[in-house]
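Working notes for the structure below.
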Amino acid sequence: MDRIQKVIANSGYCSRRKAEELISKGLVKVNGNTIYELGTKVDSSDTIEVEGHALKNQNKVYYLLNKPRGVITSSSDDKGRKTVVDLIDSNVRIYPVGRLDYDTTGALILTNDGELANLIMHPKSNINKVYIAKIGGLIGKAEINKLQRGVIIDNIKTSPCKARIKNYDKKTDTSIVELTIHEGRNHQVKKMFESIGYKVLKLKREKIAFLDISNLNSGEYRILNPKEVKKLYNEAKN
């Protein structure tokens with residue numbers, strides 16, 4: 001027997017966190033009975049309904065998207081804006097793993113594999129994410145060292161990270177900085193630069209673990225192969 005939120009996530013319906021939210025709202029039924037308790041155990045003989053839909057196991061699919069600017073990182077949007085899911089031609093229900101801001105571009109994984117999504121998004125995950133930030137002004141080595149040691153955002157210190165200056169443009173008075181972090185806190189990269197007095201003008205995520213978007217134009221995506229999926233699992237678990 002497994003916990004209900006794990007079964008829902010593994011079915012590909014949504015992530016485990018989203019499943020927990022649906023359970024708390026009374027939108028999940030087991031054998032016709034609404035359940036509210038997280039961790040309720042179910043087995044293969046139980047009939048599970050989520051938001052009125054009977055749960056069915058689906059083949060797992062995995063996509064790497066180069067997210068363009070001006071697209072919502074969500075499965076749906078009540079304001080009718082375009083979402084990252086709208087960009088992918090898939091015959092199964094998928095959702096993004098983690099978030100990129102509306103104006104942030106770059107690497108994003110979408111899948112219906114709730115177990116992998118939960119592993120990648122877990123606070124203890126050590127999967128690296130590489131960002132390229134364009135910031136206003138000339139940044140010095142002292143500030144880079146501060147980022148690497150960790151800075152205080154939302155009253156919590158960030159974990160040590162890697163940072164390096166890639167370029168400075170005198171004409172526009174802007175710096176390009178590469179930042180590698182493994183955390184995924186809300187607006188983390190922007191807040192890290194703000195904490196040392198710099199505003200992020202543009203932000204792009206170039207890599208998630210070993211996956212990069214160098215061969216993908218903005219808005220393009222590709223399917224991850226089994227070897228890549230296995231490697232992602234291994235990195236997420238370690």
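Between atom OH of residue Y221 and atom CG of residue N66 there is a gap of 13.5 Å, rounded to the nearest 0.5 Å. The distance from atom CD1 of I181 to atom CD of Q188, rounded to the nearest 0.5 Å, is 4.0 Å. Atom CD1 of residue I196 and atom CG of residue L147 lie 3.5 Å apart, to the nearest 0.5 angstrom. The CD atom of E220 sits 9.5 Å away from the CG atom of N215 when rounded to the nearest 0.5 Å. Considering CG of L179 and CG of L203, their distance stands at 9.0 Å, rounded to 0.5 Å. Note: H187 NE2 to I153 CD1 = 10.5 Å, rounded to the nearest 0.5 Å.
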* Asked: Does the pair Q5 and I23 meet the rule for a side-chain contact (heavy atoms from CB on, under 4.5 Å), with working shown?
  -> CA-CA 8 Å; Q5 58 263 45; I23 292 167; 4.1 Å; yes
* To do: Apply the test side-chain contact (heavy atoms from CB on, under 4.5 Å) to residues F193 and V177: give CA-CA distance (whole Å), side-chain angles for both, the deciding distance (0.1 Å), then the verdict.
  => CA-CA 10 Å; F193 280 103; V177 181; 3.9 Å; yes
* Asked: Does the pair L38 and S24 meet the rule for a side-chain contact (heavy atoms from CB on, under 4.5 Å), with working shown?
  -> CA-CA 8 Å; L38 300 178; S24 299; 4.3 Å; yes
* To do: Any chance you could lay out the salt bridge (Lys or Arg N to Asp or Glu O under 4.0 Å) test for D2 and K41, step after step, and finish with the verdict?
  => CA-CA 5 Å; D2 285 312; K41 295 291 185 71; over 6 Å; no
* Asked: Given the rule in the side-chain contact (heavy atoms from CB on, under 4.5 Å) test, do I35 and K29 qualify, once you have shown the distances and angles that lead to the verdict?
  -> CA-CA 6 Å; I35 62 165; K29 291 183 178 181; over 6 Å; no
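When atom types are taken as modelled, the side chain of R149 and the backbone of C161 share no donor-acceptor pair closer than 3.5 angstrom. Judged by distance alone, with hydrogens and angles left aside, the side-chain atoms of T73 form a donor-acceptor pair with the main-chain N or O of L100 at under 3.5 Å. Side-chain atoms of R205 come within 3.5 Å of backbone N or O of A107 as a donor-acceptor pair. A donor-acceptor pair under 3.5 Å is formed between the side chain of T158 and the backbone N or O of V151. Panel note: side chain R69, backbone T105; no donor-acceptor pair is recorded below 3.5 Å. In this structure, the side chain of E21 does not engage the main chain of K18 through any donor-acceptor pair within 3.5 Å. Looking only at distances, a side-chain donor or acceptor of N112 sits under 3.5 Å from a matching main-chain atom of V61. Between the E183 side chain and the S159 main chain, a donor and an acceptor come within less than 3.5 Å of each other. Remark: side-chain polar atoms of D86 are paired, donor with acceptor, to backbone N or O of T83 under 3.5 angstrom. Judged purely by atom type and a 3.5 angstrom limit, D46 uses its side chain to pair as donor or acceptor with the backbone of D43.
Geometrically, R93 engages Y13 in a cation-pi contact, judged by NZ or CZ lying under 6.0 Å from the ring centre and within 45° of the ring axis. Annotation: cation-pi geometry satisfied between K231 and F210 (NZ/CZ under 6.0 angstrom from ring centroid, within 45° of ring axis).
Using a cutoff of 4.0 Å between basic side-chain nitrogens and carboxylate oxygens, R17 and E20 are not scored as salt-bridged. With respect to K190 and D101, a salt bridge is recorded, a charged nitrogen being found less than 4.0 Å from a carboxylate O.
I94 and L108 fall within the same hydrophobic cluster, where Ile, Leu, Val, Met, Phe, Trp and Tyr residues are linked whenever their side-chain heavy atoms come under 4.5 Å apart, directly or through other members. I109 and L87 fall into different hydrophobic clusters, where Ile, Leu, Val, Met, Phe, Trp and Tyr residues are linked whenever their side-chain heavy atoms come under 4.5 Å apart, directly or through other members. Hydrophobic clustering keeps L232 apart from V130 (ILVMFWY residues linked when any side-chain heavy atoms are closer than 4.5 Å, directly or through intermediates). Following chains of ILVMFWY side-chain contacts shorter than 4.5 Å, one can reach V30 starting from L22, so the two form part of one hydrophobic cluster. Hydrophobic clustering keeps I88 apart from L224 (ILVMFWY residues linked when any side-chain heavy atoms are closer than 4.5 Å, directly or through intermediates).
Taking all atoms of both residues into account, the shortest heavy-atom contact from Y198 to E143 is CE1-CG, 3.8 Å. Closest approach of L55 and S11 over heavy atoms only: CD1-OG, 3.3 Å. When all heavy atoms of Y95 and S75 are compared, the pair lying nearest together is CB-OG, 3.4 Å. The heavy-atom pair separating T34 from G26 by the smallest distance is CG2-O, 3.5 Å. The nearest pair of heavy atoms linking P68 to S218 is CB-OG, 3.1 Å.
Using modelled atom types and a 3.5 Å distance limit, the side chains of D77 and S74 yield no donor-acceptor pair. Side-chain contact check for Y62 and D113: at least one donor-acceptor pair (N or O, by modelled atom type) lies under 3.5 Å. When only modelled atom types and interatomic distance are considered, Y63 and S90 share a side-chain donor-acceptor pair under 3.5 Å.
For D89, the CG atom counts as loosely surrounded, since its 6.0 Å shell holds 12 or fewer non-hydrogen atoms of other residues, nucleotides or ligands. Enclosure of atom NZ in K60 by more than 12 non-hydrogen atoms of other residues, nucleotides or ligands within 6.0 angstrom is indicated. The environment of CG in N59 is sparse: at most 12 heavy-atom neighbours from other residues, nucleotides or ligands sit within 6.0 Å. Counting non-hydrogen atoms of other residues, nucleotides and ligands closer than 6.0 Å to NZ of K191 gives a total above 12. Within 6.0 Å of CG on L201 lie more than 12 heavy atoms contributed by other residues, nucleotides or ligands.
You'll find the side chain of D212 stays beyond 4.5 Å of the side chain of E206, heavy atoms only. Side chains of K129 and T180 form no contact here, defined as non-hydrogen atoms less than 4.5 Å apart. For the pair R16 and K6, the minimum side-chain heavy-atom distance is below 4.5 Å. The shortest distance between side-chain heavy atoms of K237 and Y233 falls below 4.5 Å. Counting only heavy atoms from C-beta outward, the side chains of L211 and E228 approach each other to under 4.5 Å. Under the 4.5 Å side-chain criterion, counting only non-hydrogen atoms from C-beta, I48 is in contact with I4. Looking at S125 and L119, their side chains never come closer than 4.5 Å, going by heavy atoms from C-beta outward. You'll find the side chain of D173 reaches within 4.5 Å of the side chain of Y168, heavy atoms only.
Screening K207, K204, R222, K67 for a side-chain contact (heavy atoms from CB on, under 4.5 Å) with I213, the sole residue that qualifies is K204.
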